[in-house]
There are 2 protein chains.
Amino acid sequence: MKATIYDVAREAGVSIAAVSQVMNGKGKISEERRAEILKVMEKLNYQPSVIASALTGKKTYTLGLLVPDISNPFFAEIARAVEDQGHEMGYSLVICSTDNKDERVERYLSLLQQKSVDGMIIGTGMDNKEMLKPLMDRSIPIVMIAREMQDLALHTVVCDDFVGGCMAAQHFVALGHKRLAILAEHTKVTSSRERVKGFVHTLEEAGMTLSDHHVRNCRYTAEDGKREALELLELPPAERPTALFCCNDMLAIGALQAAKQLKLRVPEDVSVVGFDNTILASVTDPPLTTIAQPIEPMGKKVVDLLLLELKKKSQDKQRVVMRPELIVRQSTGAPGHVE
Amino acid sequence: MKATIYDVAREAGVSIAAVSQVMNGKGKISEERRAEILKVMEKLNYQPSVIASALTGKKTYTLGLLVPDISNPFFAEIARAVEDQGHEMGYSLVICSTDNKDERVERYLSLLQQKSVDGMIIGTGMDNKEMLKPLMDRSIPIVMIAREMQDLALHTVVCDDFVGGCMAAQHFVALGHKRLAILAEHTKVTSSRERVKGFVHTLEEAGMTLSDHHVRNCRYTAEDGKREALELLELPPAERPTALFCCNDMLAIGALQAAKQLKLRVPEDVSVVGFDNTILASVTDPPLTTIAQPIEPMGKKVVDLLLLELKKKSQDKQRVVMRPELIVRQSTGAPGHVE
DNA sequence: TTGAAAGCGCTACCAC
DNA sequence: GTGGTAGCGCTTTCAA
């Protein structure tokens, strides 16, 4: 059986209070008692119970991370960054894949609460933002990453999605594209909406427009992207876009697959830009031009904000916006030309 | 503040014992009291504390998953399968990326123990297997996935790595390759060792051999794979392999990149087979022929075994071996020919 | 300095 | 049926 604080105390001939003190480095203990207790802990291979400690008002040293799908490389990379930064400070990470379903979000929110996590990092969308209210009322620290929850006072770390969308558009415009289209995520995904806005904004500044049926909403799988891209690319030549802006790398892969299936060459017949710059972007055929999010810095920052909130409550909520970057690979070129 | 069992009891005018009983569906309670209590719980939005419950000898409903790196798609996909199956049964998942470093493994093992997780799923290698002993002595349920811990009586779920290696070799032999090479993982990775063994075995059965410098050990990143593949592919023509078996998809991507850098065509100049069939295999250029592991069934099975172990202890340890499958895409062909 | 004791929220046993 | 109560392992006053 596991050794408890009582075992240590008995073995060392002191009170449990003494043991507790040396563990927490509080109170006054003579050096020799301290040493003795430490020795006994070692000998018994004593592992203090976080559970018991947490019950006494201390922390659980556990954080929750809600994302749509941990098997999606983007979120897996986020998770790794978050895990590392948390681990640095002694925290563990519980992952929660929501599939963007409110019921799952709710379930996980409740579960994490019952498990008394010290804080939650939310990187998933949800239709009903009210779900977060109860948590905030109970002042459970919550921070957002890669998603915004407007109207809610929450620390938030995002990349500048609007600017990212602009960058993609600028790239296409500079290349000379005239017929553009977008593969967006579900409209409830704020980051995707911003990217679309930025893209459209830049296009309009350049005197171009985007017809509605050239903006397709997908879920977040490559299959979805492929299906929508197929429809786009099968339009009559005069309407068929020569450039596709995809709101994430997964969708871009779907677009690439669609192009391949239709025997369209990339980038000669159609250019594709993705978003996120996950590992996927570097291995596609051709390698994907994409807008990079600074995933690691974002993950680190969001943990820092959360831990900050953990100690000093009720400060100003920050909104940290990090700059995306256009990574030009080989999926983009001038329309109708070999690059 | 969060409502406690006392709040519910007071509000409902009953004892906490009564409340506890309705929560756990045990003991006898009159229907009306039951309904009343339920109503109060609802009203107070009562969330029972898993922490307190766990302290009383119950479970924490939390599982730990140790993998080398959650941002590696293979492990991310494993994690998703494990998460889902666990979630089904009310468990949460703590992810632990070890980077294959013993110190990190040890740290996480200790942390998970202090947090009283109900069980651990280990999908990472470690040099010193002794680290697991203390956990086993304390009879903390441990199961292995995609890794073996020989000499240790542990439930284990793996795919048949040896057979997987054989499949790769058979594929190459059937295609007519004569000069083969392997990109293996670190020798301490049992699964990789088995794959190499199977590969070599089949080769020898076909009357072929593999010289030592045609078997390279890498870590687990694409960069490593690329570096080693570069060396292999820069050998003089008479020694240069026409077929590369890579022990995972990441390494295969590195190989693909190496080939591209050297202006070698795949599969005309060099064929490449990967292992795992992660999402990466479907997006490479060209799409990767690979040996698929049944990731989802494996993840589900390992959770089942763990939960089984949770209830009835000390049963026979199972070793579940799942069958891999050759997925032929476009990175393999006959040597010197366009496929 | 040191330790006795009062909880933290919940479970389970036992007496009523 | 129902509720009192003794812990679970640890933290934290507060006396001594």
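Everything numeric here is computed off the predicted structure, so don't read it as measured data. Numbered from 1 within each chain, the chains take letters A, B, ... in sequence-line order. Scope of the values below: all heavy atoms of this structure, side chains included, with no hydrogens, waters or symmetry mates.
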Would you be so kind as to tabulate the donor-acceptor pairs closer than 3.5 Å made by side chains of residues 122-134 of chain A, with sequence neighbours excluded?
from	atom 1	to	atom 2	distance (Å)
A/Thr124	OG1	A/Thr98	OG1	2.7
A/Thr124	OG1	A/Asn100	OD1	3.2
A/Asn128	OD1	A/Glu130	N	2.8

Closest nucleotide among D/dG9, C/dG9, D/dT11 to the B/Thr4 side chain: C/dG9

Whether over 12 other heavy atoms sit under 6.0 Å from B/Arg219 CZ: no

To the nearest Å, how far apart are A/Lys26 NZ and C/dT2 P? 18 Å

Where along residues 9-24 of chain B does a heavy atom fall under 4.0 Å from DNA chain C? B/Ile16, B/Ala17, B/Ser20, B/Met23, B/Asn24

So does A/Lys58 get a side-chain nitrogen or oxygen closer than 4.0 Å to the phosphate oxygens (OP1/OP2) of D/dC10? no

Has A/Glu296 got more than 12 heavy atoms of other residues, nucleotides or ligands less than 6.0 Å from its CD? no

Given atom CD1 of A/Ile5 and atom P of C/dG3, what is their separation to the nearest angstrom? 12 Å

What donor-acceptor contacts under 3.5 angstrom involve side-chain atoms of residues 86-97 of chain A, with partners at least two apart or in another chain?
from	atom 1	to	atom 2	distance (Å)
A/His87	NE2	B/Arg107	NH1	3.4
A/Tyr91	OH	A/Lys59	NZ	2.6
A/Ser92	OG	B/Lys115	NZ	2.5
A/Ser97	OG	A/Ile70	N	3.0
A/Ser97	OG	B/Arg80	NE	3.4
A/Ser97	OG	B/Glu83	OE1	2.7

Report all interatomic pairs (protein N or O, nucleotide N or O of nucleotides 14-16 of chain D) with separations under 3.5 Å.
none

Please list, chain by chain and in numerical order, all residues satisfying side-chain hydrogen bond (donor to acceptor under 3.5 Å, both in side chains) with B/Ser20, sequence neighbours excluded. B/Asn24

For B/Gln21, what residues pass the side-chain hydrogen bond (donor to acceptor under 3.5 Å, both in side chains) criterion, not counting sequence neighbours? none

Please list, by residue number, the residues of residues 107-117 of chain B whose heavy atoms come closer than 4.0 Å to an atom of DNA chain C; answer none if no residue qualifies. none

Those residues that, when tested against A/Glu148, pass side-chain hydrogen bond (donor to acceptor under 3.5 Å, both in side chains) (two or more places apart): A/Arg319

Polar side-chain contact B/Tyr6-C/dC8 base: donor and acceptor under 3.5 Å: no

If the helix axis at each end comes from five base pairs, how far does the helix from C/dT1-D/dA16 to C/dC16-D/dG1 deviate from straight, to 10°? 50°

Can you tell which of D/dG1, D/dT11, C/dC8 lies closest to the side chain of B/Lys28? D/dG1

Kindly state which residues belonging to residues 39-47 of chain B come within less than 4.0 angstrom of DNA chain D, counting heavy atoms of the residue only, listed by number. none

Want to settle it: does B/Ser30 or A/Val50 sit nearer the 5' end of DNA chain D, counting the closest nucleotide to each? B/Ser30

Would you list the pairs meeting salt bridge (charged side-chain N to carboxylate O under 4.0 Å, His left out) in which at least one residue belongs to residues 39-53 of chain A, sequence neighbours left out? A/Glu11-A/Lys43, A/Glu36-A/Lys39

What's the closest nucleotide to the side chain of B/Thr56 if the choices are D/dT2, D/dG9, C/dT11? C/dT11

Tell me every residue that passes side-chain hydrogen bond (donor to acceptor under 3.5 Å, both in side chains) with A/Gln47, counting only those two or more places apart in sequence or in another chain. B/Ser110

Output the single nucleotide from C/dT2, D/dC10, D/dG3 whose closest atom is nearest the side chain of A/Arg33. C/dT2

